[in-house]
Participant: 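Let me give you the structure first, and then I'll get to my questions.
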Amino acid sequence: MKHFLEISQLSRQHIQSLLDRSIQFKSTRHYPSYTDRVMVNLFYENSTRTRASFELAAKHLSMKVIHVDLQNSSENKGEVVEDTLKTLSAMGVSHFVIRHQHNGLPQQLADLLVDEAVHIVNAGDGTHAHPSQALLDMMTILEKKSRLDELKIAILGDIKHSRVANSFQVICQKMGVGELVLIAPEIWQPDVIHFGTATTHTARGLKDADVVICLRVQRERLLDIDHLDMAWYRKHFALTQQSLAHAKPDVMVMHPGPINRGIEIDADVVDGPLSCVLEQVRHGVFARMAILDALG
Ligand code: NCD
């Protein structure tokens, strides 16, 4: 695999082999050693877990990891980022993990640098895709629920602006998930549905769900936030003990993080016995090891 850009570019077999490799990395301490590979995290948007997770994954595989501080960078056009990649590539950087606010930027860079010996990983582009999150979410689900075709999964929240929801829909479709319901208020209904059905009705959407993924209220992406009444949103769409009661008693509660406790999800749900949130974080390292391992 040259790049890891979008779940839609992978076959079911390929996704399965990445999942198998992730699970294998979880169960062994014997990791391959890629001392000749150099990884850089280029994060043009804030991140704690994704960035740390890729860094740890690379280090477990004995890759060298360098840091470039882009927090205050004025780069925001594909061509400028291309120069950064070429410069770092000339220094010997082979693996570029990129998070950027611009939809499609990792793919654009892969197209521009088609002749270079560089590997690009999409760590989240705008509202478009977040494929490594989809992989770690699927790994987490598969550990507890083996029959994907029998599952009902619900995603709850701001589906419209969520790259997590986009990539997750595609991985569910590829892997043959039985039922996927996208629950959002009218203003956050998706423009495009890749897989599943959309509803504005939380109780109906959560009914008998085996898994519920709660999404963050992404204030930084919401131009329409001023028109959203938070008390109203909480009443109708927050994941609380009360709304969770519609799901199956052993429902898996997931959230990609970061979490706004008391906004989209209640603290007692995040910290409760059904929560798999920290398991997702743990699995993120193994899933990203599998991705880096496959990029040779
Ligand atoms: C997500 C992201 O950045 O897309 N978080 C993450 O990667 N763990 C979701 C979010 O920001 O709400």
Side-chain angles (χ1 to χ4, degrees), residues 4-7 22 41-58 70-71 97-107 121-141 153-171 182-185 187-188 190 194 211-225 228 230 233-234 237-239 252-265 269-270 275-292:
F4 181 79
L5 300 172
E6 272 188 51
I7 296 292
S22 311
N41 262 330
L42 292 178
F43 277 57
Y44 294 84
E45 273 189 352
N46 294 343
S47 166
T48 309
R49 69 207 76 211
T50 305
R51 190 197 328 224
S53 186
F54 270 112
E55 178 164 354
L56 265 173
L70 297 164
Q71 217 55 348
V97 177
I98 301 174
R99 169 169 287 193
H100 201 279
Q101 60 278 9
H102 187 75
N103 289 7
L105 187 97
Q107 178 71 63
V121 177
N122 182 1
D125 59 329
T127 57
H128 173 238
H130 195 349
S132 65
Q133 182 72 41
L135 198 66
L136 76 89
D137 287 344
M138 196 46 85
M139 178 190 177
T140 307
I141 293 167
I153 304 181
I155 316 183
L156 172 66
D158 178 6
I159 309 284
K160 186 187 178 84
H161 300 94
S162 175
R163 56 194 176 203
V164 172
N166 281 337
S167 290
F168 189 74
Q169 288 172 60
V170 181
I171 206 167
L182 314 170
I183 311 166
I187 51 162
W188 289 346
H194 307 285
V211 179
V212 54
I213 300 182
C214 184
L215 298 172
R216 183 172 67 91
V217 173
Q218 304 181 83
R219 293 164 201 268
E220 74 278 16
R221 284 192 217 288
L222 305 180
L223 300 173
D224 43 12
I225 186 77
L228 185 85
M230 264 307 153
Y233 180 77
R234 269 192 60 69
F237 295 96
L239 200 59
M252 296 174 70
V253 173
M254 298 171 58
H255 190 304
I259 291 166
N260 297 309
R261 284 164 189 262
I263 303 232
E264 71 269 1
I265 188 165
V269 176
V270 186
S275 173
C276 301
V277 172
L278 290 177
E279 208 49 27
Q280 288 174 268
V281 176
R282 223 166 273 134
H283 287 162
V285 178
F286 303 117
R288 287 166 178 130
M289 286 173 75
I291 293 164
L292 294 174

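Counting from 1, the numbers follow the sequence of the chain as shown. We count ligands from 1, going down the list as the structure has it; atoms in each ligand are counted the same way.
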Participant: Between Glu55 and Arg49, is the closest basic N to carboxylate O distance under 4.0 Å?
Facilitator: no

Participant: What's the shortest heavy-atom distance between Arg288 and Thr50, and which atoms?
Facilitator: NH2-CG2, 3.7 Å

Participant: For Tyr233 and Phe237, take the angle between the two ring planes, folded into 0 to 90°, and tell me which bin it lands in: parallel under 30, tilted 30 to 60, perpendicular over 60.
Facilitator: parallel

Participant: Are side-chain N/O atoms of Thr127 and Arg163 paired as donor and acceptor at under 3.5 Å?
Facilitator: no

Participant: Below 4.0 Å from any atom of ligand 1, is there a heavy atom belonging to Glu45?
Facilitator: no

Participant: Which heavy atom in Gln218 sits nearest to a heavy atom in His161, and how many Å separate them?
Facilitator: NE2-O, 3.0 Å

Participant: Which atoms of ligand 1 are found less than 4.0 Å from any heavy atom of Arg49?
Facilitator: 8 (N)

Participant: Under 4.0 Å from a heavy atom of Thr50: give me the atoms of ligand 1 that qualify, with their elements.
Facilitator: 6 (C), 7 (O), 8 (N)

Participant: Looking at Val270 and Ile265, what are the two nearest heavy atoms and their distance?
Facilitator: CG2-CG2, 3.6 Å

Participant: Return yes or no for this condition: an N or O of Gly257 is under 3.5 Å from an N or O of ligand 1.
Facilitator: yes

Participant: Please work out which of Glu264, Arg216, Arg99 has its closest non-hydrogen atom nearest to atom 11 (O) of ligand 1.
Facilitator: Arg216

Participant: Determine, using heavy atoms of Pro256 and all atoms of ligand 1, whether some pair is separated by less than 4.0 Å.
Facilitator: yes

Participant: Checking the N or O distance criterion of under 3.5 Å, is ligand 1 in contact with Gln218?
Facilitator: no

